[in-house]
Participant: 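So that we are looking at the same thing, I have put the structure below in structure tokens.
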Amino acid sequence: MQGESVRKILEKNKLILAPMEAVNCVAFRLLCKHYGAGWVYSPMIYADSIVALEKELGEKEAVQKLVTPLKEESPFSIQIGGSNPEKMKIATEIFSKYCDFIDINFGCPVTNILGCKAGGYFVKHPDNFKKVIPGMIEASKVPVTAKIRIGWDENSINAVEVCKQLEGLGIESVSIHGRTVKQMYRSGHRWDIIKQCKEAVQIPIVANGNVTNAHSVITCLGQTKADGIMIARAAQDNPFIFTEGNRILKEGPQNFKEQEPDRKKIFLEFLALYKKHEVRYHFSEIRDHALWFSKGGAGSARVRNLLLKTENEEELIQLFEKYF
Ligand SMILES: Cc1cc2nc3c(=O)[nH]c(=O)nc-3n(C[C@H](O)[C@H](O)[C@H](O)COP(=O)(O)O)c2cc1C
């Protein structure tokens, strides 16, 4: 789409919305962009899904159904997961017409994905990288990036070797979740390993994992020396983290006071974007976002219980108007 390099994009804005399954619908991606994310990702789309759906619906409709890409999102990455080289190649050929970067998921720790030799399975079996990457790069109309974890388990941390290998295969940049695959989301993230990766390769490195507020953007950048920061769970609850993250980068951490998000405004903006751009209407999806946005406010536990009982948009809006 826009043709700018990763380095150029990160020079302008270091903050990225991480890929998140069941969260990063087009409305949420646009919302994060509106609040200051410089680059947004789709959730992981399994290569086999787009290959099958394309046969059934045709390319445009299949892409629309799975990702709903919009020009306004640019720079935008579509993340592909899988293990079958041919299907990953076809998925890349299709998706690369609709985004600025193709990202490959080499970090997913979910059992059924690992069972298909996809996601984090690759960091345990780094020989498999060369089975999928060259074909994807060849098929892609845009640069190809990768997302990894630091290793399979604490006894086999290999992110530095993996980054060197990915760089050698032509990957444009690597984002690194500072945990092992086996660790899932447990405590003990390793930003120090991300720093070692940054020192070992020339391509841009993006740090990910446990960036929870504006101050941790500064800490993570300081400790990893990464070129960019990718945020997932903290953005899921609070897209305003991108505004605050950019503000602290500009103003510096001294005397920086983080501001509270306007939860009602965020929810109403999300709802408007959802109704304007989503190709489906699932009330449960809207309510999920409402529940996430409600976190952290005064009395949020009580509001949460009330939100869970809602059955339509009006009831959600009334609760946000009453409590936030
Ligand atoms: C709900 C949810 C869905 C996720 N889906 C994906 C995904 O589709 N692809 C991916 O590479 N990572 C996925 N992740 C992992 C995040 O991108 C990120 O690496 C991880 O949450 C650590 O970052 P954080 O501490 O900022 O949350 C997901 C995480 C969450 C919480």
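Counting convention: from 1, in listed order, for ligands and their atoms alike.
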Participant: Any carboxylate oxygen within less than 4.0 angstrom of a Lys/Arg side-chain nitrogen, looking at K8 and E11?
Facilitator: no

Participant: Do V144 and I133 make a side-chain contact, defined as non-hydrogen atoms from C-beta onward lying under 4.5 Å apart?
Facilitator: no

Participant: Between K87 and D48, is the closest basic N to carboxylate O distance under 4.0 Å?
Facilitator: yes

Participant: Once side chain to side chain donor-acceptor pair (under 3.5 Å) is applied, what residue pairs with a partner in residues 130-139 remain, sequence neighbours excluded?
Facilitator: N128-K131

Participant: Within the 4.5 Å heavy-atom criterion, are I80 and I50 side-chain neighbours or not?
Facilitator: no

Participant: Applying ring pair (Phe, Tyr, Trp, His ring centres under 6.0 Å) between F270 and each of H289, H34, H277, report the one that passes.
Facilitator: H289

Participant: Name the residues in contact with ligand 1, where contact means a heavy atom under 4.0 Å away: which are they?
Facilitator: A18, P19, M20, E21, V23, P43, M44, Q79, N105, K147, H177, Y185, N208, G209, N210, I231, A232, R233

